[in-house]
Amino acid sequence: MDISYRWLSDYIAHDLSPDELAHALTMSGLEVEDVTRRGPASEGVVVGHVEAVRSHPNADKLVLCDVNIGTDAPLQIVCGAPNVAAGQRVPVATVGTTLRLPEDDTRVPFTLEAVELRGEASQGMICSGHELEISDDQDGILVLSDDAPVGTPLADYLATQGLALTDHVLDIAITPNRPDAVSHIGVARDVAALTQGTLRRPDVDYPHTDSDAPPFEVSIEAPDACPRYVGLRVTGVTVDESPAWLQQRLAAVGLRPRNNVVDITNYVMYECGQPLHAFDYDRLQGPAIRVRLAEGGETFTTLDDVSRDVPAGALLICDANAPVALAGIMGSANSEVTGDTTDLLIESAYFNPVTIRKAAKALQLSTDSSYRFERGVDADGQVWAAFRAAVLIAEIAGGEIDPDGFRDAHPRPQEPLMLDLRVERVAQLLGTPLTAGTLTQILSALGFGVDAAADDVLRCEVPLFRPDVRQEVDLIEEVARIYGYDQIPTPSHTRIPTHTPQALPSTTLRAQARTILTGTGHREVFTNSMLRKETADRFNQPPLGGAKDGAVVETLNPISREMAALRPTLLPGMLDVLQFNHNHGQDALHFFELGHVFRQDTDGGTVVQGYAEHEALLIASCGPVDTAAWDRTPRPADVFDMKGVVDALLRDLRVPDVAMEAVYESSDLTQHHLTITAQGAPIGMIATLAPALTADYDLEQDVCIAELDWAAVIALAAPHLERRFTPVQRFPVVERDLAVVVDDATPAGAMLDAIRAAGEPLLNAADVFDLYQGKGIPEGQKSVAFTLRFGADRTLTDSEVDAKMRAILTALQSNFDAELRG
Amino acid sequence: MLDRIDALREELTDVTLTTLDEAEDFRITYLGQRSGIITNLFKKIGQVAPADRPTVGKQLNALKQRAEAIHQEAVDRLEQAAGPAAPDVDLTLPGRTPRVGSVHPLAQTLHDITRLFERFGFAVAEGPEIEDDWHNFTALNFPPEHPARDMQDTFFVEPPEGPRNGVVLRTHTSPVQIRVMENTAPPVRIIAPGRVYRNEAISYKSFCLFHQVEGLYVDEGVTLGDLKHILRTFAEAFFGADVQMRFRPSYFPFTEPSAEVDIWWADPEHPDGGRWMEILGSGMVHPNVLEAVGADPERYTGYAFGMGVERIAMLRYGIDDIRTFYENDVRFLQQF
């Protein structure tokens, strides 16, 4: 909301500069986001008299003007404005003056110099209202009245006309709790409280009779939606352009001047916050005003010439026949003030904020008026605003206030809220004591009625323009913000509860996983949780997502189709990352991500019913596993690299009883994969992705991924976070190798399982150290060599180890037809 | 014999060796296997009277050691001066670099913020990203149809007109306050990091999702002064002890009084030499929020604060486009 520095000073006398004012307001809750200067950036614009206009010898569209600015000789100024003429009094920017000239949508400082234009000297510039930021008029130079004193600074002359040459506009970000501050008087009230000044609200007379025979009727059929409707008739007006001072003020706050009647209703709205509407009285049927709720199915054409479907429950202002306005939002051309209008009905109403908000939202139409009504206007401000506008209209547009033409339909009067404010409570909340005197002074300045109810309790009457103040704590905030948050001392000590917070296992385990995975050379990524619905569906299928199923979750109001669904797995985001980096010349791509994934749920038991959400971990590798070096050629990462990383990770996190089962069938997404279980329950999978999938992401090399249900991993690992020491074996370890020849298809994993079973309890570790096919091994067979470590809490004898070796060999022979390799 | 030894000892004191060749000549002259002077004396030890042999042997040994020491010292000194021997390994070849990983800058910043507050006794709490209306809005004192709901552009999963008044992607981490307090009686002192969503146009300064850290402390006797204290502590830890900050009134439905914190960010290009940057929102927990979770607002007071992690990471690392975080360019990631 724009506030004019000069306009504001109509209501409060203060000695703050624009920047000081901005700071004071910001520090009291009205955040000033920007201060913009309007008008020339320096002195030097004076009133000049055009003594003669001569043609320019070298240009058709330019003329030479002799302009007297009160100096000895007139200046020659080259001018291109069509309306310049001898005898005019005009604003002249002299050499050295800095103007802020319009350029695109902004203004750029420009300092005038003595120049030659097409060969003729020009010693200044005759300015338009637009160039001086006084008005929007760009069509020609600004012509002043004939009595403007030649040679005086323009600012001085304009001041005598009620116009300001310079102003500052403060752009205030109004928080939703401050409907009172959406006006100059509202902001001035805060300034008054901050500077201990006095708010000056213009005095307005209310000339009216309580006539029994009103010229028009007001009937309210929806009193909850329209608790108050004030109508006031003004007759005999002449609709015309607004005077310059009014146009200037509206322009300062970003409004386009229209005509004097509409401009005055806007002016009063920006003055006091009450939206007004002026109807052409003669175009109202009846004449009558009927306020009713829309039933749905009606259409209405608003002032902007758009035919709109009126949502049921929206409030309509109707005359005897038909709707004439969407209450609180916008009027209609059918009753609009035009150049021919002579009699007006000024509407000044209080509409229910929720009614207006719902209608404006349904219509997707937000106006200055709806913005104020949905926040809540002063429920006591309607009569003042109506007469304030009427008086100004009578002054500016002629006409008279019809003393019989005043209606104040007020079916739901509001009583001011009374609140007790405990002096002690203020200290409790703010941490610093404030006296009853300070509290009273601040609240009174803000318009609250304050009485001492008891020694330490203040009885406060909340003014109706502060609908946001509902409780004692709201009063405390009012006090605190004017007193100044910066004045509230920061204690040198602070209390901490005596209980020690426990580290959350998920935080600890996540940090552990990051350490491991960065150690294995993976970079962490953060990807978007939202993606195309089609993409989400493509990835929401086995074997991804473990044992979980459920449809993809969609948002009802996505930013775009590209982000219409929530990720059911981290894989699509990861593939985007691989693709992006691959296309930017990176080849060794090793990443991981921790993030939430989402599915619809029908089983129940989720935090928010209907939605299964859990944290997942995705690890991905594509491209060389090592960096290249002078003695090695990098090898592309494969599924065994991923298997090793996952194995190391789960082992380090102490996830118990991890098993992996190979699945050789391919799917739309995978070439083959391994399912991972812990204690028999699925916790994830490892896969080599299908080439058809990775090709869609421009990736030529195999992509291997591991996807873990991180929430499940945390649950399994959390009990093992606490470590217990096991004595290190002090006795010698015996290492033996065993090489066997088996059928090509015999799985090494199963052989290792058999070895471990047969080697118990002396066998401590078993691993494959060589795999060989070729010369010396029969066709269709392979040699698998195992390294075996035996140990116990004593020194093993050779015969003990020999016995175990025989048992192991026997197990391999009987289970796999293995033959000892000679 | 002993005289000869004495003479040789005397001779050795005058030896100066200035080249490796001289050192080798010296060795051959005195210590050579075949005809070294000292070697030869050892050969003649049999001719010494048996009674004198131990003395002579001892002195001869000392002489030999002395000659060896002179030679070795000269060789060491001269070899060092002559520079290294020809290498049999080229140590200038590059090392075999292991593949290195990295933690995402947002994760690092989240971690650092969380850790700082953990040092002040805050426990970490987490919550879901799909939230119901109660936790995201209503319990936090956002009345239905209040313009405050427009402060956060919301993604809906179920419409507000639905049976649960809407299911949303959480617009802030504040619902974690409610979830914790629903299950825990005061004192509550938590920090809640997590991802939040806003239906805003994507640009260099706003993304459709970002991360927040929420803090909450509810206890007897918590004041606005305490809030100022913890936030100053945070700002100093993150932006330096000389950070300039300001604490100004604002509005959030779930806190009253509410405040925003700005820090002064020096920027030589800016006409004012810098500008105030908002880093977080905060305030005293609204009594309606305490009532919504069954805590007595007369007995307990509390403060809450919430900060945008991206904003803080951008300031901290000098990143000027929020989208960079979600692009995951390796050349970006490897800088952290």
Side-chain angles (χ1 to χ4, degrees), chain A residues 26-29 175-177 354 357-358 374-375 429-432 471 473-474 476-477 480-481 485-486 488-491 494 496-497 501-502 504 506-507 514 517-518 521-530 553 555-557 559 563 577 581 584 586 596 598 607-608 611 613 626-627 629-630, chain B residues 93-94 96-104 106-107 111 120-124 126 128-132 145-148 151 155-157 159 167 169 187 189 195 199 208-209 219 223-226 228-230 232 247-251 256-257 259 284 286-287 301 325-330 333:
Chain A
T26 297
M27 294 308 288
S28 62
T175 52
N177 63 325
V354 173
R357 180 181 146 89
K358 282 184 168 169
E374 66 182 53
R375 277 163 176 72
L429 209 59
L430 301 184
T432 192
Q471 304 177 20
V473 69
D474 299 325
I476 297 175
E477 179 175 73
R481 72 180 181 86
Y485 283 11
D486 279 356
I488 294 167
T490 304
T494 189
I496 293 182
Q502 295 301 305
L504 208 60
S506 57
T507 316
R514 284 197 171 98
L517 292 172
T518 51
H522 294 80
R523 295 191 190 279
E524 185 178 21
V525 297
F526 272 46
T527 68
N528 196 338
S529 314
M530 294 183 282
V553 180
T555 57
L556 303 173
N557 54 335
I559 292 180
M563 296 191 207
V577 173
N581 282 292
H584 283 80
Q586 301 291 330
H596 285 224
F598 312 86
V607 178
V608 174
Y611 303 95
E613 169 182 345
D626 298 311
T627 50
W630 42 272
Chain B
L93 280 169
R96 294 184 197 96
T97 323
R99 213 172 73 206
V100 287
S102 53
V103 175
H104 195 277
L106 289 176
H111 173 81
F120 282 91
F122 287 79
V124 177
E126 291 169 352
E129 292 174 14
I130 295 181
E131 265 296 3
D132 51 28
E145 296 304 333
H146 192 276
M151 291 169 80
F155 285 111
F156 287 94
V157 173
V167 170
L169 300 186
R189 195 172 169 95
R195 181 173 280 205
N199 195 342
C208 49
L209 56 89
D219 201 347
T223 72
L224 189 72
D226 294 325
K228 285 183 72 173
H229 169 266
I230 194 80
R232 169 154 285 284
F247 194 72
R248 60 180 166 77
S250 187
Y251 169 74
E256 188 89 12
M284 301 302 292
H286 198 288
T301 53
F325 290 118
Y326 296 93
E327 209 172 57
N328 300 297
D329 190 319
V330 165
L333 298 174

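Treat the numbers as computed from the prediction; the structure is a model and nothing was measured.
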Checklist entry - Any donor-acceptor pair under 3.5 Å linking the side chain of A:E524 with the backbone of B:V103? => result no

Checklist outcome for this item: Greatest number of non-hydrogen atom pairs under 4.5 angstrom with chain B, of A:T490, A:T432, A:N581, A:D486, falls to A:N581

Checklist entry - How far apart are the closest heavy atoms of A:V607 and B:P128, and which atoms are they? => result CG1-CG, 3.7 Å

Next on the checklist: Counting C-beta onward and ignoring hydrogens, is there a side-chain heavy-atom pair between A:D626 and B:R96 closer than 4.5 Å?
Outcome noted: no

Checklist entry - Based on non-hydrogen pairs under 4.5 Å, which of A:L556, A:V608, A:T555 is most in contact with chain B? => result A:L556

Next on the checklist: Heavy-atom cut-off 4.5 Å, strictly under: side chain, backbone, both or neither for A:L504 against chain B?
Outcome noted: side chain

Checklist outcome for this item: The interface call for A:P489 against chain B, heavy-atom contacts under 4.5 Å, is backbone

Item to check | Stepwise side-chain contact (heavy atoms from CB on, under 4.5 Å) test for A:I496 and B:R189 | outcome: CA-CA 9 Å; A:I496 293 182; B:R189 195 172 169 95; 3.6 Å; yes

Checklist entry - Which residue out of B:G225, B:P287, B:A107, B:S102 racks up the most heavy-atom pairs below 4.5 Å with chain A? => result B:S102

Checklist outcome for this item: Among B:P159, B:P257, B:P94, B:A259, the residue with the most heavy-atom pairs under 4.5 Å to chain A is B:P257

Checklist entry - Going through the checks in order, is the side-chain contact (heavy atoms from CB on, under 4.5 Å) test met by B:V100 and A:R523? => result CA-CA 8 Å; B:V100 287; A:R523 295 191 190 279; 4.1 Å; yes

Checklist entry - In terms of heavy-atom proximity below 4.5 Å to chain A, should B:D329 be classed as side chain, backbone, both, or neither? => result both

Next on the checklist: Pair B:H286, A:Q471 - check side-chain contact (heavy atoms from CB on, under 4.5 Å), show working.
Outcome noted: CA-CA 10 Å; B:H286 198 288; A:Q471 304 177 20; 3.6 Å; yes

Next on the checklist: When you measure from the side chain of A:D474 to the backbone of B:E256, do you find a donor-acceptor pair of N or O atoms at a distance under 3.5 Å?
Outcome noted: no

Item to check | Contact check, side chains of A:N557 and B:F155, non-hydrogen atoms, under 4.5 Å | outcome: yes

Checklist entry - Does any non-hydrogen side-chain atom of A:T175 lie less than 4.5 Å from one of B:P249? => result no

Item to check | Contacting region of A:S506 [heavy-atom separation from chain B under 4.5 Å] | outcome: side chain

Checklist entry - Under a 4.5 Å heavy-atom cut-off, does chain B meet the side chain of A:V525, its backbone, both or neither? => result both

Checklist entry - Can the ring centroids of B:F325 and A:F526 be said to lie less than 6.0 angstrom from one another? => result no

Item to check | Distance (rounded to the nearest 0.5 Å) between A:T494 OG1 and B:H229 NE2 | outcome: 5.5 Å

Next on the checklist: For a quick test of reading the model, state the closest non-hydrogen atom pair linking A:L429 to B:M284 and the distance between them.
Outcome noted: O-CE, 3.9 Å

Checklist entry - Using a cut-off of under 4.5 Å for heavy-atom pairs, which of B:T223, B:I230, B:V124 has the most such pairs with chain A? => result B:T223

Checklist entry - Relative to chain B, which segment of A:N177 carries a heavy atom at a distance below 4.5 Å: side chain, backbone, both, or neither? => result both

Next on the checklist: Has A:Q586 got a side-chain atom pairing as donor or acceptor with B:V330's backbone, closer than 3.5 angstrom?
Outcome noted: no

Checklist entry - How close do B:L209 and A:S529 get, heavy atom to heavy atom, and via which atoms? => result CD2-N, 3.5 Å

Checklist entry - Where is the tightest heavy-atom contact between B:G121 and A:P501, given as atom of each residue plus distance? => result O-CG, 3.5 Å

Checklist entry - Can A:I559 and B:N199 be said to form a side-chain contact (heavy atoms from CB on, under 4.5 Å), step by step? => result CA-CA 6 Å; A:I559 292 180; B:N199 195 342; 3.2 Å; yes

Checklist entry - What part of B:S250 is in contact with chain A, defined as an atom under 4.5 angstrom from a non-hydrogen atom: side chain, backbone, both or neither? => result both

Item to check | Pairs of heavy atoms under 4.5 Å with chain B: top-ranked of A:L517, A:V577, A:N528 | outcome: A:N528

Next on the checklist: Does any backbone or side-chain atom of A:V473 lie under 4.5 Å from a heavy atom of chain B? Answer side chain, backbone, both or neither.
Outcome noted: both

Next on the checklist: Shorter than 4.5 Å, heavy atoms on both sides: which option in A:M27, A:H522, A:R481, A:E613 has the most such pairs with chain B?
Outcome noted: A:E613

Checklist outcome for this item: Residue from B:F156, B:Y326, B:F120 scoring the most non-hydrogen pairs under 4.5 Å with chain A is B:F156

